[in-house]
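Working notes, beginning with the structure itself.
Proteins get letters first, then strands, A, B, ... in listed order; numbering begins at 1 in each.
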Amino acid sequence: MTICSLVVQAMPQNIEAVNESLNAMNGVEIHAQNEYGKMVISIDHPSREYCSKAMTDMTHIDGVMSTSLVYEYQEDLETEQTTKGDNE
Amino acid sequence: MKLSRRDFIKSQAIAAAATTAGLSLSTTQLARAKDSDDDEDIRWDKIPCRFCGTGCSVLAGTRGGRIVATQGDPDSDVNKGLNCIKGYFLSKIMYGEDRLTTPLLRKTDGKYDKEGEFEQISWDEAFDIMAEKWKAALKEKGPSGVGLFGSGQWTIWDGYAASKFMKAGLRSNNLDPNARHCMASAVGAFMRGFGIDEPMGSYDDLEHADAFVLWGSNMAEMHPILWSRLVDTRLTREGSEVHVLSTYTHRSFELADNGMIFEPQTDLMIANYIANYIIQNKAYDKKFLKDHVNIKKTVTDIGYGLRPDHPLEVKAKNSGKGKLSNMSFDDYAKAVSKYTLEYTSEHSKVPADKLERLAKLYADPNKKIMSLWTMGMNQHTRGVWMNGLVYNIHLLMGKISEPGNSPFSLTGQPSACGTAREVGTFAHRLPADLVVKKPKHRAVAEKIWKLPADTINPKVGYHAVLMQRMLKDEKMNCYWQQCNNNMQAGPNVNEEMLPGWRNPKNFITVSDPYPTISAVSADLILPTAMWAEKEGAFGNAERRTQFWRQQVSAPGESQSDLWQIMEFSKRFTVEEAWGAELVAKMPEYKGKTLYQVLFKNGQVDKFSYKDGTVKDQDGNIYQNDEAKHFGFYAQKGLFEEYRRFQTEGPKPGHDQAPFDTYHKVRGLRWPVVNGKETLWRYREGYDPFVKKLNPKVKKGDVYFYGKPDGKANLIFAPYEPPHESPNEEYDLWLCTGRVLEHWHTGTMTNRVPELHKAVPDALVYMNPSDARKRGLRNGAKVKLISPRGEITTRVNVRGRNKPPKGLVFVPFFDARRIINKLLIDATDPLSKETDYKKCVVKIVKA
């Protein structure tokens, strides 16, 4: 499981198109945005590699000026639970 | 459990992003994730990022002796909770599968053999052979026979210990950092213009400026977090604009209101044209010039820092000279009058309306302007001149040293400023802007270091490129490289570097966490503890000093650079290193080792250490492997001794806070006086040294106290042609640099599978018409050939970098394609910094 949150900055005139592109991405959700084009995004996906690729991909969406990561959590739930089971 | 846990983490993640973005959601404080998440036993602590010069603070989460997560530090003024994609993978850089864990020596039949294979050895054996070789070189050649090549990625105390070991211990100034390749031109211009190194402003200017001008910087990819702050200002401030100058189109152009592609080297013309425009339109600030500026000119026809017998050096009238002489304002006006709009537009190929728009922006007294630059301006055979020409514009307009008016040189490495520049690990420098050639400066160092008079060698040592030439020429026989990968990052690798390394007369040691090209080209490899595996300190581009605690242990027998230097110093007696004559001046040192004299000197070993000395505010205890090994808190002792240079030396304005302070704060920008940092230097009201050094200063006025008369130098320099230009055979310019996903030579980022997969190969970015002309499609396999070497790669005509006709771009991260083989070792004759941005190549189908 990998969950990360990002701040994306888009040109205000491109907000709609950027919204559309982001919404079309697997595991990507938009949680908040303002009129200056600043958005709060999350990516939730089993693969960390997917998350990093998604982050790069959204940087390359037309109208996106910057993509910054805020929080990232990654763990292998399967392993985690097995370990826990062993301990209990 | 699974679901609720996911939801919980996700809500935390979103809240953190919203808080950072200043958008409304719930404002859960997330910095200490463990408080709200009892399930986890993660310890969070602050640590500056290992990569670029921005100096973002991250929170590193450690569990079971491993860093398992990182997040942007919400309490950091630099990145305000944000991280770029490289920061995203920070937790993985230490865990590459091929981490080196023991010293390795080339051997045949159990003995050192230059042509042998690498075999594991002990630290003892490693230092035995190294000491044997170093002592032989010292005996034969004297102090110039050995050299240490360090890094702007060294911690402050790594660099300080190295400087002490080389300059005081071995009396050799053959110490230079890889920052020579990246920041030396910026340093040169600061010293010539202002007499003190590093920017007058701070990152706070990103929120205070109306307009931004990027001169040779692709901030969008190279400094993404600073870029996000710039984007924020551009998108939210009325009338804000962004101008971008480069020799090719890159990602930063997407935000540009005025994007300009110029012919390589003509930035010299463009800057002079702007000065000319300001003068012609009488827009300059007469009073500011009269009160605060001296006008100078620099000697011209200074060559290209090549070997002295190179035809270009022979031809140059003033090869390597930088003498300044006075110039009247009228003469200056006349000198720049040549750079008219028409002339500059014709030669630079930038449309006249774009150039004029840029000039008008600078000339507008009501616009606050931040000029930003990095390697495009520094890695330039006229880099010092070019840095100076931008200061000229700011000085003409008085747009300097106040919020938003800020010529700002960005850095590429995390401690290019903190270590290479402030500690002074250059061949000509001592700590706190002192230099080896001035007797008074040497005397200060000798006093603080408790050395006999005349210990420090007055002769400037070999700089980065010269070290390689001297190895090749057998003038220097022992070379130790720490914390960088010069065999991939240095210029003209095959002609000027590798031959010296593989010369049987030379002994090459490389300290590295990974088997880089440098490591495998060496004779001895020392496994190195990196980043969070040691207690450290970096200084970023805005003069901010940041500390971190050791978070985890290094694998196997890896040891930090600091440990290696201190331990190696035990191998030399003062008699061996200094000679009997010097020892006789301080008989109490008789028979002692350099370790005893330099590090067990009653100062560096002043602070005792036992388990539990290093604690955070929550009471978590951190290890400190060096302190444990040596029996004293070496980092603290070194830092406190180093601080004396800032207050006891003849150059004021460098003060840093006491050691313990930095473990409690998210860094402080020096000068730090009475616990208060300085955001803008040289202006009354912001910089406490102004009033102190000029009690009569008017409120809010400027005083450039780095120069004896308190005035900055405006230095005229003309356009001079580049060292080489495309010709019939080699018909393209080659420019090299980085890409977002990789940092420098990829030693760390290539070990992160996700980053490697994202950008596995260095491609050649070229203009579609140049490709068509050569019958090449996107993705075609090609050979890039220069007069010095060749590589094979694939063409990209649709990528993020879009060169104009006649220029190609290749990044340098790819160890399988060493693009630097193609580069010429031409440097700025003043700063000795290599020009990585222009040389000639041709491209043919492979």
Examine whether an atom of [X] lies under 4.5 Å from a heavy atom of chain A, and if so say whether it belongs to the side chain, the backbone or both; otherwise answer neither.
X	value
B:Lys757	side chain
B:Asn79	neither
B:Ile225	side chain
B:Ala758	neither

Measuring from A:Tyr50:OH to A:Ile43:CD1, what's the distance to the nearest 0.5 Å?
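Here the interatomic distance stands at 7.0 Å.
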Nearest 0.5 angstrom please: B:Asp761 CG to B:His756 NE2, how far?
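Between B:Asp761 CG and B:His756 NE2, I get 7.0 Å after rounding to 0.5 Å.
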Is chain B contacted by the side chain of [X], its backbone, both, or neither, given a heavy-atom distance below 4.5 Å?
X	answer
A:Ser52	both
A:Glu35	neither
A:Asp44	side chain

With chain B, which of A:Met39, A:Glu29, A:Arg48, A:Met11 has the greatest number of heavy-atom pairs at distances under 4.5 Å?
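Result: the option with the highest number of such pairs is A:Arg48.
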Would you please name every residue forming a side chain to side chain donor-acceptor pair (under 3.5 Å) with A:Lys53, sequence neighbours left out?
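A:Lys53 satisfies side chain to side chain donor-acceptor pair (under 3.5 Å) with A:Asp57 only.
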Short side-chain donor-acceptor distance under 3.5 Å, B:Asp45 and B:Gln551:
yes
Ordered numerically, the heavy-atom neighbours of chain B under 4.5 Å found in residues 59-66 of chain A are A:Thr59, A:His60, A:Val64, A:Met65, A:Ser66
Can you label the angle between the B:Phe51 ring and the B:Trp743 ring as parallel, tilted or perpendicular, going by 30° and 60°?
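Because their plane-to-plane angle lies in the 30° to 60° range, the rings of B:Phe51 and B:Trp743 count as tilted.
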If you count every heavy atom of other residues, nucleotides or ligands that lies below 6.0 Å from A:Glu20 atom CD, does the total exceed 12?
no
For a quick test of reading the model, state the closest non-hydrogen atom pair linking A:Ala10 to B:Leu235 and the distance between them.
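In this case the closest contact between A:Ala10 and B:Leu235 is O-CD1, 3.3 Å.
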So, do [X] and [Y] sit near enough that their side-chain heavy atoms are less than 4.5 Å apart?
X	Y	value
B:Asp77	B:Arg666	no
B:His250	B:Val244	yes
B:Thr749	B:Glu741	no
B:Leu372	B:Leu230	yes
B:Glu221	B:Asn801	yes

Residues at least two apart in sequence or cross-chain that pass salt bridge (charged side-chain N to carboxylate O under 4.0 Å, His left out) with B:Asp257, listed by chain then number, are B:Arg234
Heavy-atom pairs under 4.5 Å with chain A are the metric here; pick the option from B:Ala69, B:Gly72, B:Ser228 that has the most.
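Top option by heavy-atom pairs under 4.5 Å: B:Ser228.
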Do any of residues 84-97 of chain B come closer than 4.5 Å to chain A, heavy atom to heavy atom, and if so which ones, in number order?
B:Cys84, B:Ile85, B:Tyr88, B:Phe89, B:Ser91, B:Lys92
Salt bridge flag under 4.0 Å for residues A:Lys38 and B:Asp232:
yes
